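Each remark here refers to the structure printed beneath this line.
Below, all heavy atoms of this structure are taken into account, side chains as well, without hydrogens, waters or symmetry copies. Note that this is a predicted model, so its numbers are computed, not measured. Residues take their numbers from the sequence shown, with the count starting at 1.
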Amino acid sequence: QVQLVESGGGLVQAGGSLRLSCAASGGTFSNYAMGWFRQAPGKERDLVALINRSGATTYYTDAVKGRFTISRDNAKNTMYLQMNNLKPEDTAVYYCAADPRGSPTWGQGTQVTVSS
């Protein structure tokens, strides 16, 4: 019964940076693997990054590898996505998910818009 709330989205020029946060409540945060996903208008929701329960293991889709960093602070029940060198192709609604490889629980999403 975990609940997730994303924040930190906004409008940024290409080459800029944003840091997204995902605050969790209502569950044992450290028991969940977590992930970030994104969805552009008219497109499917795509995987961006994954992180295991402790934060020691991460995975990134090729499109963001080297530019984005996923992390978590279990003491604060929060997951982060640091996004650097943003590109217009990164424009999407970004969602966090608990248990992304099982039956995910989703946040409400936060809009990221990158202008050229």
Original post:
Given the rule in the side chain to side chain contact (heavy atoms under 4.5 Å, CB included) test, do Gln108 and Glu6 qualify, once you have shown the distances and angles that lead to the verdict?
Top reply: CA-CA 7 Å; Gln108 85 288 350; Glu6 300 96 331; 2.7 Å; yes
Original post:
Just checking, Arg72 and Phe29: is the charged tip under 6.0 Å from the six-membered ring centre and within 45° of the axis?
Top reply: yes
Subject >> Nearest-0.5 Å distance, OH of residue Tyr94 to CG of residue Asp46 >> reply: 10.0 Å
Subject >> Which residues share a side-chain hydrogen bond (donor to acceptor under 3.5 Å, both in side chains) with Gln111, sequence neighbours left out >> reply: Thr113
Subject >> Heavy-atom side-chain proximity of Phe37 to Pro100 below 4.5 angstrom >> reply: yes
**OP:** Go through the steps for Leu86 and Phe68 under the test side chain to side chain contact (heavy atoms under 4.5 Å, CB included), then give the verdict.
**Re:** CA-CA 9 Å; Leu86 282 160; Phe68 291 11; 3.9 Å; yes
Original post:
How far does CG of Asn74 sit from CE of Met34, to the nearest 0.5 angstrom?
Top reply: 9.5 Å
Original post:
Is the shortest heavy-atom distance from the side chain of Trp36 to the side chain of Thr61 under 4.5 Å?
Top reply: no
**OP:** Enter the distance from Thr57:OG1 to Ile51:CD1 here, rounded to the nearest 0.5 Å.
**Re:** 8.5 Å
**OP:** Indicate yes or no: at least one non-hydrogen side-chain atom of Arg38 is less than 4.5 angstrom from one of Val93.
**Re:** no
Original post:
Is the shortest distance from a Lys or Arg side-chain nitrogen in Asp62 or Lys65 to a carboxylate oxygen in the other one below 4.0 Å?
Top reply: yes
**OP:** Measure the spacing between CG of Leu81 and OG1 of Thr110 and express it to the nearest 0.5 Å.
**Re:** 11.0 Å
Original post:
What's the spacing between Ile70 CD1 and Tyr59 OH if we round to 0.5 Å?
Top reply: 12.0 Å
Subject >> cation_pi(Arg45, Tyr95) dist<6.0 Å, angle<=45 >> reply: yes
Original post:
Would you call Arg101 and Leu50 a side-chain contact if the rule is heavy atoms closer than 4.5 Å?
Top reply: yes
Subject >> Minimum side-chain heavy-atom gap Arg67-Met83 below 4.5 Å >> reply: no
Original post:
Would you find a donor on one side and an acceptor on the other, under 3.5 Å apart, between the side chain of Ser54 and the backbone of Ala56?
Top reply: yes
Original post:
How far apart are the closest heavy atoms of Cys96 and Met79, and which atoms are they?
Top reply: CB-CE, 3.5 Å
Original post:
Do Pro88 and Val114 come within less than 4.5 Å of each other through their side chains, counting heavy atoms only?
Top reply: yes
Subject >> Under 3.5 Å donor-acceptor, Thr91 side chain and Glu89 backbone >> reply: no
Enumerate donor-acceptor pairs with a distance under 3.5 Å from any side-chain N or O in residues 8-24 to protein atoms, sequence neighbours excluded.
from	atom 1	to	atom 2	distance (Å)
Ser17	OG	Asn84	OD1	2.9

**OP:** Begin from the C-alpha positions of Tyr60 and Val48 and carry the test side chain to side chain contact (heavy atoms under 4.5 Å, CB included) through to its verdict.
**Re:** CA-CA 6 Å; Tyr60 301 91; Val48 176; 5.9 Å; no
**OP:** State which residues pass side-chain hydrogen bond (donor to acceptor under 3.5 Å, both in side chains) with Gln3; sequence neighbours excluded, sorted by chain then number.
**Re:** none
